[in-house]
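Below, all heavy atoms of this structure are taken into account, side chains as well, without hydrogens, waters or symmetry copies. Below, chains carry the letters A, B, ... as their sequence lines are ordered, and counting in each starts from 1.
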Protein chains: 2
Amino acid sequence: MAAEEQSPKFRRAPPTVRREALIEATLACLRKHGREGLSVRRIGAEAGVSPGLINHHFPSICALVAAAYETLSMSLLHSIRQHAREDEASPRERLRRFYEAWFAPALLDPGLFNTWLVFWSMISHHAEVRAVHDRTYAAYRAALESLLGELRGNDGVPRFRLRSAAIALSALLDGLWIEASINPRTFRPAEAVALCEDWTSALCAGALPSLLAGGTRGQPRAAGRRPRNGRGPALPLK
Amino acid sequence: MAAEEQSPKFRRAPPTVRREALIEATLACLRKHGREGLSVRRIGAEAGVSPGLINHHFPSICALVAAAYETLSMSLLHSIRQHAREDEASPRERLRRFYEAWFAPALLDPGLFNTWLVFWSMISHHAEVRAVHDRTYAAYRAALESLLGELRGNDGVPRFRLRSAAIALSALLDGLWIEASINPRTFRPAEAVALCEDWTSALCAGALPSLLAGGTRGQPRAAGRRPRNGRGPALPLK
DNA sequence: CGCGCTGCTATACGGTCGTACAACAACAGC
DNA sequence: GCTGTTGTTGTACGACCGTATAGCAGCGCG
């Protein structure tokens with residue numbers, strides 16, 4: 001017996017690649033098991049290392065999650081952007097390709113949705129994760145602003161407030177993505193794309209009034225001064 | 001000693017009111033502690049009863065969550081609807097009041113957002129919770145369809161596909177609500193209302209093409225037949 | 001008043017969690 | 001080849017989890 005295989009019990013790795021491997025393992029665990037997958041034992045098993053190694057490379061578990069959040073978010077944004085590029089296409093066409101990528105099967109995986117829920121649920125309690133959200137949300141909005149910006153100046157497209165437009169479009173994309181992830185049978189991806197296209201059409205037609213108001217200025221100027229009585233909505237909630 | 005207070009160690013309650021109290025305690029815990037608050041010990045302490053009582057009134061912890069989900073969701077919908085009612089207002093005005101209620105301070109509580117994340121995170125693994133989502137999402141959509149339906153037929157408002165319009169509006173509301181809950185400083189509630197109002201304006205102006213296509217029929221008819229080459233978007237994702 | 005039904009408590013159990021820490025071993029440099 | 005560095009392991013610890021179960025006790029009813 002004692003087959004002289006004698007392979008080393010483990011292999012050392014420079015901190016950088018080990019950290020990256022742990023991040024990848026974290027994403028795999030979150031995708032497969034959601035919140036339940038977020039434990040040093042599970043992630044360690046997924047990465048083929050001992051649980052204790054995680055605390056050796058990351059100050060705490062939520063630092064690892066923050067890193068995984070940033071990695072995944074930026075990777076997805078890059079993929080979607082890449083798919084939307086297509087140089088010979090018109091700005092309007094690139095925007096449609098962006099929508100199609102957003103509702104591609106790869107993005108509608110329930111595991112991905114559950115992963116995102118874990119990220120979101122940690123935002124309020126962990127400053128690092130919140131910082132990642134702020135950064136990545138800004139990056140997504142910037143990508144949309146870039147695509148929308150190319151739209152302006154085209155034939156008959158009026159000037160509009162870029163930042164607010166990106167906020168609205170981002171919300172529409174997110175809202176549709178969430179419901180599509182929760183219940184794929186509510187509507188088909190093609191319908192989600194069509195609804196986003198509708199919004200784009202309205203924007204190009206100048207049919208979104210508050211976006212036309214103030215050029216590219218930041219703050220919405222009272223947004224059409226409330227015509228009703230002054231008391232704000234105070235829901236009883238009970 | 002032995003001050004003759006002698007108050008009873010506990011009070012019995014009929015199952016119905018006890019169940020309701022436990023549901024209320026669950027919502028309080030979720031609001032205060034998010035996912036961490038979802039434990040029999042914490043909920044029992046919040047309700048002033050022993051932890052074991054929960055498994056006595058509910059077959060499992062997720063049945064309790066499902067009940068809490070349905071209670072909160074329907075309560076919020078009722079409040080918002082109530083606020084939008086206002087009989088002497090025009091349909092368009094009622095819709096705006098609906099938006100204002102949606103972005104009222106009571107709805108933008110971070111605790112409420114975290115509560116919702118817990119609900120969402122249980123959908124994929126627990127059929128009961130999924131059923132509640134399907135029911136409540138349908139109820140919200142029905143409320144929107146009702147409000148949007150009153151819009152149709154008004155001066156110059158074209159016929160549009162009610163169900164798809166409600167889906168889009170619901171997504172826009174959800175997406176804005178999420179970002180407002182995560183980071184209140186991205187935009188002010190009034191801007192969110194304005195962006196929803198914009199969408200309504202576009203709808204009334206007939207500026208949302210795919211919604212005009214097929215009357216009130218259910219399925220979107222290919223939504224503008226893809227003009228590009230046939231291959232669907234297949235993101236490399238890596 | 002006393003009895004019994006049953007809502008309710010209290011405890012115990014097996015499991016998983018994050019973290020800490022001491023010992024081990026892979027690999028580079030001499 | 002030996003040695004030192006340090007990436008890595010394995011274990012131990014205390015805390016919390018959900019569930020099961022045996023028994024206590026509030027309170028309606030006769």
Side-chain angles (χ1 to χ4, degrees), chain A residues 2 4-26 29-30 32-68 118 121-122 125-126 128-129, chain B residues 2 4-26 29-30 32-68 118 121-122 125-126 128-129:
Chain A
E4 306 302 322
E5 210 48 68
Q6 201 67 5
S7 75
K9 287 192 173 64
F10 60 90
R11 320 226 323 173
R12 313 187 75 161
T16 307
V17 317
R18 185 64 85 190
R19 280 175 53 100
E20 200 161 337
L22 288 175
I23 288 174
E24 222 58 45
T26 301
C29 281
L30 287 177
K32 278 188 274 193
H33 311 108
R35 175 96 193 185
E36 314 293 318
L38 193 60
S39 88
V40 285
R41 285 168 176 81
R42 256 182 242 253
I43 295 172
E46 174 76 28
V49 299
S50 99
L53 194 60
I54 288 163
N55 280 329
H56 186 260
H57 284 287
F58 291 89
S60 98
I61 189 79
C62 69
L64 172 57
V65 173
V118 174
S121 71
M122 296 179 68
H125 295 300
H126 304 281
E128 305 179 68
V129 183
Chain B
E4 306 303 325
E5 211 47 69
Q6 201 68 4
S7 74
K9 286 192 174 63
F10 61 90
R11 320 227 323 173
R12 314 187 74 162
T16 308
V17 317
R18 186 63 85 188
R19 281 175 53 99
E20 199 160 337
L22 287 175
I23 288 173
E24 221 58 46
T26 302
C29 280
L30 287 178
K32 277 188 277 193
H33 310 109
R35 174 96 194 186
E36 314 294 317
L38 192 61
S39 89
V40 286
R41 285 167 175 81
R42 255 181 243 253
I43 296 172
E46 175 75 27
V49 301
S50 98
L53 193 61
I54 288 163
N55 280 328
H56 186 260
H57 283 288
F58 291 88
S60 98
I61 189 79
C62 71
L64 171 58
V65 174
V118 174
S121 71
M122 295 179 67
H125 295 300
H126 304 281
E128 306 180 67
V129 183

Without decimals, in angstroms, what is the distance between [X] [atom1] and [N] [atom2]?
X     : N      : atom1 : atom2 : result
B:F10 : D:dG23 : CZ    : P     : 16 Å
B:L22 : C:dG7  : CG    : C1'   : 12 Å
B:E20 : C:dG7  : CD    : P     : 17 Å
A:E36 : C:dG15 : CD    : P     : 17 Å
B:R19 : C:dC8  : CZ    : P     : 13 Å
A:L38 : D:dC17 : CG    : C1'   : 16 Å
A:R12 : C:dA26 : CZ    : C1'   : 5 Å
A:L64 : C:dT19 : CG    : P     : 11 Å

Exercise for the section: Begin with the C-alpha distance, continue with both residues' side-chain angles, and end with the deciding distance and a verdict on side-chain contact (heavy atoms from CB on, under 4.5 Å) for B:V49 and B:L22. Expected result: CA-CA 9 Å; B:V49 301; B:L22 287 175; 4.1 Å; yes

Do the non-hydrogen side-chain atoms of [X] and [Y] ever get within less than 4.5 Å of each other?
X     : Y      : result
B:K32 : B:R42  : no
A:R35 : A:S121 : yes
B:L38 : B:I43  : yes
A:F58 : A:I23  : yes

Practice task
Classify the nucleic acid contact of B:I43 as base, sugar-phosphate or nothing, counting any heavy atom under 4.0 Å across all strands shown.
Solution key: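 B:I43: no heavy atom of the nucleic acid under 4.0 Å.
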
Exercise for the section: Go through C:dT19, C:dT9, D:dT19 for me and flag the one nearest to the A:I61 side chain. Expected result: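 Given the options C:dT19, C:dT9, D:dT19, the side chain of A:I61 is closest to C:dT19.
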
Exercise for the section: Counting heavy atoms from C-beta on, name the nucleotide in C:dC17, D:dT8, C:dT19 closest to the side chain of A:S39. Expected result: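 Nearest to the side chain of A:S39 among the choices is C:dC17.
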
Exercise for the section: Give a yes or no on whether a salt bridge exists between B:R18 and B:E24, defined as a side-chain N under 4.0 angstrom from a carboxylate O. Expected result: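 The answer is no: the pair does not qualify as a salt bridge.
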
Handout entry: Sorted by number, the residues of residues 47-57 of chain B with heavy-atom contact under 4.0 Å to DNA chain D
Key =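 Residues of residues 47-57 of chain B under 4.0 Å from DNA chain D: B:N55.
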
Practice task
Would you state whether a donor and an acceptor, one from the side chain of A:R41 and one from the base of C:dG18, lie under 3.5 Å apart?
Solution key: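 Yes, the side chain and the base share a sub-3.5 Å donor-acceptor pair.
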
Exercise for the section: Hey, could you give me the CG/CD distance between B:L30 and B:E36, rounded to the nearest 0.5 Å? Expected result: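 These two atoms lie 11.0 Å from each other.
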
Problem - B:R18 side-chain N/O to C:dC8 phosphate OP1/OP2 under 4.0 Å - result: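 For B:R18, the contact criterion (side-chain N or O under 4.0 Å from OP1 or OP2 of C:dC8) is met.
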
Practice task
Would you please confirm or rule out a distance under 4.0 Å between OP1 or OP2 of C:dC17 and any side-chain N or O of A:R42?
Solution key: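 For A:R42, the contact criterion (side-chain N or O under 4.0 Å from OP1 or OP2 of C:dC17) is met.
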
